[in-house]
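Below is one structure, written out as structure tokens; the observations come after it.
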Protein chains: 4
Amino acid sequence: MTSEAGSTSQRGRPRDARSHQAVLAATLDLLGEVGYRRFTVAGVAKRAGVGKSTIYRWWPSKLDLILEAAAPQLEIGLAPNTGSTRHDLNIGAEQAIASYSSPIAAQVIFVVIADLEEDPRLREIYQSKWVLPWRISMANALERGIANGDLTKGLDVELVIDMLAGTIFQRVLVIPEPMTDGLAQRLIDLVIRGKLL
Amino acid sequence: MTSEAGSTSQRGRPRDARSHQAVLAATLDLLGEVGYRRFTVAGVAKRAGVGKSTIYRWWPSKLDLILEAAAPQLEIGLAPNTGSTRHDLNIGAEQAIASYSSPIAAQVIFVVIADLEEDPRLREIYQSKWVLPWRISMANALERGIANGDLTKGLDVELVIDMLAGTIFQRVLVIPEPMTDGLAQRLIDLVIRGKLL
Amino acid sequence: MTSEAGSTSQRGRPRDARSHQAVLAATLDLLGEVGYRRFTVAGVAKRAGVGKSTIYRWWPSKLDLILEAAAPQLEIGLAPNTGSTRHDLNIGAEQAIASYSSPIAAQVIFVVIADLEEDPRLREIYQSKWVLPWRISMANALERGIANGDLTKGLDVELVIDMLAGTIFQRVLVIPEPMTDGLAQRLIDLVIRGKLL
Amino acid sequence: MTSEAGSTSQRGRPRDARSHQAVLAATLDLLGEVGYRRFTVAGVAKRAGVGKSTIYRWWPSKLDLILEAAAPQLEIGLAPNTGSTRHDLNIGAEQAIASYSSPIAAQVIFVVIADLEEDPRLREIYQSKWVLPWRISMANALERGIANGDLTKGLDVELVIDMLAGTIFQRVLVIPEPMTDGLAQRLIDLVIRGKLL
DNA sequence: TAGTAATCGAGACGGTACGTCGGGTCTTTGT
DNA sequence: ACAAAGACCCGACGTACCGTCTCGATTACTA
């Protein structure tokens with residue numbers, strides 16, 4: 001902006017990285033302690049020892065704050081590429097289960113999804129940041145399985161992924177108490193031995 | 001109930017059924033029009049031509065009002081008993097898809113589920129009023145299918161139901177745009193022709 | 001009323017005199033116990049064992065109810081005509097002190113006067129029912145005093161009355177703690193021995 | 001207070017004096033226009049262009065707001081010390097008449113006094129802020145009059161003050177239409193020429 | 001004796017104001 | 001320029017009370 005190289009002209013006091021982190025940490029803490037309903041921005045500010053406007057300077061809204069704070073907790077680990085279709089899918093499924101089982105997940109996921117209708121931007125974020133990488137890794141594993149004959153040729157990859165994600169979502173977050181013992185194993189069994197056209 | 005004596009002596013002005021209905025109708029209308037975030041109890045009162053206190057007399061809170069108003073929309077039609085396993089399950093799945101596809105469902109389900117953590121009463125309502133009857137009807141259809149040989153003997157009924165519900169939930173409510181064409185058909189195919197142990 | 005023309009056809013259930021009395025009694029009780037601010041019509045109804053509409057059937061508003069209930073407490077006993085100017089005035093002043101000292105008076109008088117501005121009807125009631133008879137009796141006593149030479153000829157009767165009423169009002173109702181010992185005596189002394197032109 | 005250091009470090013946005021003033025002004029306006037009964041905190045907020053919470057941040061209740069807004073209108077100008085007993089008392093009496101004649105006075109005084117019974121804090125405020133200074137100035141004038149022989153030695157100062165205040169109160173606020181022409185003059189005549197023991 | 005009509009207790013109703021709470025913006029002083 | 005502090009506007013929340021309205025039940029006078 002100013003002369004040349006100093007692209008970001010960097011005038012005035014620089015952003016305090018510690019504040020930034022403190023806010024995100026306080027957000028997660030508060031979310032875990034009091035839940036979304038009693039979660040307030042003022043509460044975060046107080047706990048982080050930060051002014052409220054500092055929060056709003058960096059995050060446009062309460063929801064955005066929560067989103068960024070919770071993002072690391074909600075990113076799903078990817079399915080690897082080990083050569084074994086069964087193993088790769090299994091790991092992928094386990095990762096999804098682990099991610100949804102995070103105590104933060106229960107507080108955040110539904111609120112986010114609930115606003116998808118209103119705020120299309122959210123859908124974008126939710127999909128692209130949290131589930132899309134996982135979906136791609138799973139799709140890749142499935143494609144590899146099809147290519148090497150482990151899986152039926154005409155397999156509907158998208159449907160399989162939705163089935164896996166949906167079942168896990170249901171078992172972990174919706175029904176009264178999580179039933180996840182051996183869940184990944186059994187779902188992958190179904191995928192590999194079932195006849196999904 | 002009816003036979004004996006009207007035990008409740010019915011003193012005082014009776015509850016105005018029209019007001020009651022008007023409130024529930026206005027609740028649904030408003031929910032559909034402006035969504036949960038902009039939904040207001042005062043707005044319901046105005047639209048229903050009703051005093052705000054009449055609403056709070058019968059529903060302890062905004063959420064309770066929404067719950068009761070939305071309940072009929074969210075009850076899932078049951079799987080019938082026609083003799084055909086495939087047909088019964090298919091109808092059951094279609095019913096779930098239809099129920100989740102209601103415009104109200106998107107506004108309400110997540111808000112409700114999101115509070116399940118905080119308010120155990122909600123989980124009870126959600127489960128028992130909305131999904132449990134459907135689950136039972138599906139379980140029955142599956143058991144019949146097992147009994148008459150249409151389905152594998154060791155089938156994990158609960159897992160199948162979670163899989164069906166979860167996949168539908170995912171496709172209708174979570175992913176960017178609903179993909180439900182032929183969904184029931186294909187899921188039931190999977191259940192009947194797959195090898196779920 | 002009934003005998004003659006029978007104008008009021010007197011059909012239907014006659015008014016229940018006990019309810020009427022119970023309402024007035026409950027009104028006074030409640031006023032004394034909780035004060036005007038916490039006084040509610042519903043509270044009166046409950047205490048009187050009466051329906052709220054029974055109250056509103058006979059009294060147009062909360063204020064009217066209070067007015068009628070409190071009226072007997074607020075009517076000031078009159079100055080007599082004993083032949084002694086001093087004694088008559090003294091009795092009159094004592095009566096005013098007694099009336100204003102009623103526990104109900106403190107609760108009611110100011111509320112009533114405060115609404116005089118808004119509701120001219122109230123001024124009428126207040127003046128004619130409560131203070132006018134007393135003023136007349138005092139005026140008469142003063143006139144007799146002037147006639148028989150006990151009081152100065154040019155005495156401003158209205159001013160004297162306002163002075164008496166005002167001072168008593170002040171001492172009983174306005175200042176922190178009532179100072180009424182010997183008050184009547186001293187005020188009448190002033191009137192008789194002073195030189196009010 | 002001022003000299004030393006600004007003990008209160010004055011952090012954060014300072015109170016907006018304009019808002020503060022706007023609220024008090026709007027309170028007086030509204031009180032004058034619609035009277036106490038139709039006076040609304042929300043109405044004040046709207047008229048002052050202020051949020052309701054700003055009002056409640058600084059005044060605990062509707063009554064407190066009215067009290068502070070009306071206080072300047074209700075403070076009575078003091079009796080001076082000119083050397084002339086008659087003149088000093090006369091001015092004092094005129095001030096009381098002027099103060100009670102304020103259009104706000106009628107709206108506020110009774111409401112305040114009516115609550116004296118309930119809220120002792122109010123009595124404190126009413127007495128100390130509004131009438132006590134005036135009473136002291138009148139007492140001083142009377143004492144000076146006694147000292148220099150203008151007034152009888154044994155004069156009951158408190159009684160005279162109550163008499164003056166009470167009569168004025170009565171004439172200005174209680175009786176149907178104010179009769180204040182020459183009132184101060186005549187009351188002071190009475191005090192100076194009367195024989196109050 | 002049956003009918004008619006006004007009363008009663010109970011309590012639901014529409015409405016209005018209260019005082020509280022939270023979101024997101026703005027304005028100070030300090031660094 | 002950015003930070004903490006905290007005041008600001010806005011608008012929804014849930015509560016309380018007013019005065020009105022319906023109920024079923026009661027209690028007289030009328031036919």
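Atoms considered below: every heavy atom in the structure, side chains included; atoms not considered: hydrogens, waters and symmetry mates. By convention in this document, chain letters (A, B, ...) are assigned in the order of the sequence lines, proteins followed by strands, and residues within each chain are numbered from 1.
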For a quick check of understanding: with a heavy-atom distance under 4.0 Å over all strands, which category does [X] fall into, base, sugar-phosphate or nothing?
X	answer
D/S53	base
B/K52	base
D/A45	nothing
B/W58	sugar-phosphate
A/G49	sugar-phosphate

Phosphate-side-chain proximity, [X] and [N], N/O vs OP1/OP2 below 4.0 Å:
X	N	value
A/S19	F/dA4	yes
A/T54	F/dA4	yes
A/Y56	E/dT25	no

Rounding to a whole Å, what distance do you find between [X]:[atom1] and [N]:[atom2]?
X	N	atom1	atom2	value
C/R57	E/dA5	CZ	P	17 Å
B/K62	E/dC21	NZ	C1'	13 Å
C/R37	E/dA17	CZ	C1'	13 Å

Review point. Start at the 5' end of DNA chain F and walk down; is the nucleotide closest to A/G51 or to D/P14 reached first?
Key: A/G51
**Study point:** 5'-most by nearest nucleotide on DNA chain F - B/F39 or C/T40
**Key:** B/F39
**Study point:** Earlier contact from the 5' end, DNA chain E, for A/L63 and C/D16
**Key:**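 Whichever sits nearer the 5' end wins; that is C/D16.
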Check your understanding: If you draw the axis of the six-membered ring of C/Y36, does the NZ or CZ of C/K62 fall within 45° of it and under 6.0 Å from the ring centre?
Key ->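 Yes; both conditions hold, so C/K62 lies above the ring face of C/Y36.
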